[in-house]
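Computed from a prediction, not measured in an experiment: that's the story for all the values here. All ligand and atom numbering here is 1-based and tracks the order in the structure.
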Amino acid sequence: MSISSHLKNIQHKIKSHSPYHEVRLIGVSKYHNENKLKEAYQAGIRNFGESYLQEALTKISALSDFKDIVWHFIGPIQSKKSKQIAENFDWVQSVSREKVALKLNNSRPQNLNPLNVLVQVNISNDSEKSGLSIEEAEALALKITNLQRLRLRGIMCIPANYENDLQIANDFNKMKQFYDHLQSRFKHVDTLSMGMSQDFTLAIEQGSNMVRIGSSLFGKRY
Ligand SMILES: *Cc1c(COP(=O)(O)O)cnc(C)c1O
């Protein structure tokens, strides 16, 4: 099936699980080449998520004529790579260290809008996953709101690989409660990024308003 028909399926599922709120779809294009991204663009995708900087930079430059693409960095961040991330992306969803936040802030070019930032939360306390506890995430969120070149927009998570839906839903619900709290405390917070190919309908039912979809949209990676 084509990306376009995958997209229609996904959009239909998003709509039927979110009758009362808007959900933003991020096409996670890691491992896929620029032709696939162009196909996704033609199908209507405008937000792309990338996890690996060098790979992403090649595609950002190949698609530089498509001015309305919004690029999201969603992968682990080495602090020495922060400058290039701040120069080339619109959003960074995987911020979990103050050192990285400071570097992103210092290297965000003045001619660009403040960099949109999500703090990554390790909601399942999974030692295999990066991200902060809720308490640590709130402390970092506060620091980010004091940085002029960053704009705190919300939080992101990747839950553990649970066997059953109840456990995932429970973690998503904890994220939603934390998100509501942050929203009441900080003014620009409007984004709860949770849900991937396997669990996005569950995430939306729990209040997600941004889903990051890779394999269900682009097909399997080899
Ligand atoms: C790869 C990736 C996704 C997409 O995963 P799929 O299961 O392929 O939809 C979403 N978020 C992050 C952070 C990723 O690294």
Among Val211, Val28, Ile158, closest by any non-hydrogen atom to atom 13 (C) of ligand 1: Ile158
For Ile213, atoms of ligand 1 separated by under 4.0 Å from a heavy atom: 9 (O)
Check contact between Ser51 and ligand 1, using heavy atoms of the residue and a distance below 4.0 angstrom. yes
Does Gly214 reach ligand 1 with a nitrogen or oxygen that is under 3.5 Å from one of the ligand's nitrogen or oxygen atoms? yes
NZ/NE/NH1/NH2 to OD/OE distance under 4.0 Å, Glu50 and Lys59: yes
Ser216 to ligand 1: N or O pair under 3.5 Å? no
With a 4.0 Å heavy-atom cut-off (strictly under), which part of Lys30 contacts ligand 1: side chain, backbone, both or neither? side chain
For Gln177 and Asn173, which I'm curious about, is there any donor-acceptor pair between the side chains at under 3.5 Å? yes
List in chain and number order the residues that pass side-chain hydrogen bond (donor to acceptor under 3.5 Å, both in side chains) with Gln183, two or more places apart in sequence or in another chain; answer none if no residue qualifies. Tyr179
Do Arg97 and Ser79 have side-chain atoms, one donor and one acceptor, less than 3.5 Å apart? no
At a 4.0 Å threshold, what atoms of ligand 1 neighbour a non-hydrogen atom of Ile74? 11 (N), 12 (C), 13 (C), 14 (C)
Side chains of residues 111-121: which donor-acceptor partners sit under 3.5 Å, not counting sequence neighbours?
| from | atom 1 | to | atom 2 | distance (Å) |
| --- | --- | --- | --- | --- |
| Asn116 | OD1 | Arg153 | NH1 | 2.8 |
| Asn116 | ND2 | Asp90 | O | 3.2 |
| Gln120 | NE2 | Ser130 | O | 3.4 |

Assess whether a salt bridge exists between Glu87 and Arg108, defined as any Lys/Arg side-chain N lying under 4.0 Å from an Asp/Glu carboxylate O. no
